[in-house]
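Note sheet for the following structure.
We number each residue from 1, following the sequence as shown.
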Amino acid sequence: QPRNLAKLKADIASMRGLMARENAARSMWDIKHWRGGLIDVEFIAQYLQLRHAPDGPEVLARNTRLALERCAAAGCLEPGNARTLLEALHLWQVLQAVLRLVVEGEFDPDTAPAEIGPLLARAAGAVDFAALQSTILARAQAVKALFDVLLPLPASEPEPA
């Protein structure tokens, strides 16, 4: 169904703000909740589907990757932005999967066994752990910037940490 675009944006941004406050990421390794992380990519994909499905139901998909690909193919998402989101999504999913397999609880690179950093780097296709950390920061910043353009927080909502 067609939706009120201003209300849709405000509702999604407000929900993301609430989630960020209630599930504040403690580090960049909280891949899911960190700003620019998995939840932001998922919210963008859901927003694009809700916004554009009334005019083009072909954008609808059950998974985030396919939704982003369909939105790009339908012209609802610029190719560069689609690439940014898809690359971030892939990285977040790889890191999340590896971390779930090898770390119990939260990952702290300062206290984790030495082999975990190189393992994460290899899984993500980075040359080393430092390069992986740089890539994570860059991808998260790019996703957050895109989120902030598409779904800016209402003036009444403080920016989550």
Side-chain angles (χ1 to χ4, degrees), residues 9 12-52 59 61 63-103 105-154 157-161:
K9 286 182 172 187
I12 292 173
S14 181
M15 176 59 72
R16 180 59 182 110
L18 175 66
M19 289 179 70
R21 285 188 302 280
E22 292 190 2
N23 297 302
R26 294 186 185 128
S27 78
M28 67 190 290
W29 299 103
D30 185 350
I31 303 298
K32 184 175 180 179
H33 295 285
W34 196 43
R35 286 308 316 265
L38 188 57
I39 286 178
D40 282 354
V41 174
E42 291 171 343
F43 269 51
I44 290 170
Q46 292 165 8
Y47 160 72
L48 291 169
Q49 289 181 94
L50 289 169
R51 178 179 179 182
H52 296 287
V59 302
N63 74 62
T64 303
R65 180 192 53 78
L66 188 54
L68 292 169
E69 289 172 350
R70 288 180 177 180
C71 286
C76 306
L77 182 60
E78 293 178 16
N81 291 339
R83 189 172 36 260
T84 294
L85 293 168
L86 288 165
E87 287 173 355
L89 177 66
H90 176 74
L91 179 61
W92 303 155
Q93 290 174 334
V94 165
L95 292 174
Q96 190 176 50
V98 174
L99 286 169
R100 284 181 177 164
L101 290 172
V102 300
V103 175
E106 294 181 29
F107 175 63
D108 180 353
D110 295 330
T111 60
E115 62 272 7
I116 293 180
L119 173 67
L120 288 167
R122 278 192 310 277
V127 295
D128 59 26
F129 190 65
L132 172 61
Q133 290 178 299
S134 294
T135 298
I136 289 170
L137 289 172
R139 295 257 167 90
Q141 288 171 351
V143 170
K144 183 183 180 308
L146 186 54
F147 187 99
D148 290 344
V149 167
L150 292 171
L151 298 158
L153 288 174
E157 289 284 330
E159 176 69 21

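Here the straight-line distance linking atom CG of L48 with atom CG of L150 works out to 6.0 Å at 0.5 Å rounding. Interatomic distance, NZ of K32 versus CE of M19, reported as 6.5 Å (0.5 Å rounding). Once rounded to the nearest 0.5 Å, the distance linking OG1 of T135 with CG of L132 reads 6.5 Å.
Residue A61 comes nearest to Q49 through the heavy atom pair N-OE1, 2.8 Å, listed as atom of the first residue, atom of the second, then distance. Residues R16 and W34 come closest through the heavy atom pair NH2-O, 3.8 Å. Residue A45 comes nearest to L68 through the heavy atom pair CB-CD2, 3.8 Å, listed as atom of the first residue, atom of the second, then distance. For the residue pair H33 and A25, the shortest heavy atom distance occurs at C-CB, 3.9 Å. The heavy-atom pair separating K9 from L151 by the smallest distance is CA-CD2, 3.8 Å. Across G37 and V143, no two heavy atoms sit closer than the pair O-CG1, 4.4 Å.
A donor-acceptor pair under 3.5 Å is absent between the side-chain atoms of R70 and the main chain of L66, judged by distance alone. The main-chain N or O of I31 is never found under 3.5 Å from a side-chain atom of Q96 such that the two would form a donor-acceptor pair. Counting only distance, with no hydrogens or angles, the side chain of W92 and the backbone of I39 share no donor-acceptor pair below 3.5 Å.
Side-chain atoms of D108 and V103, non-hydrogen and from C-beta on, never get closer than 4.5 Å to each other. Here the side chains of L120 and F107 are in contact, with some heavy-atom distance below 4.5 Å. Side-chain contact check for R21 versus L18: some heavy-atom pair is nearer than 4.5 Å.
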task: Give the intermediate values and the outcome of ring pair (Phe, Tyr, Trp, His ring centres under 6.0 Å) for residues F129 and W29.
output: CA-CA 13 Å; F129 190 65; W29 299 103; 5.5 Å; yes
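Partner of L77 under the side-chain contact (heavy atoms from CB on, under 4.5 Å) criterion, chosen from V59, L85, T84: L85.
Applying the salt bridge (charged side-chain N to carboxylate O under 4.0 Å, His left out) test to R51 and every residue at least two apart in sequence or in another chain returns nothing.
A salt bridge links D148 to R35: one of the charged nitrogens lies within less than 4.0 Å of a carboxylate oxygen.
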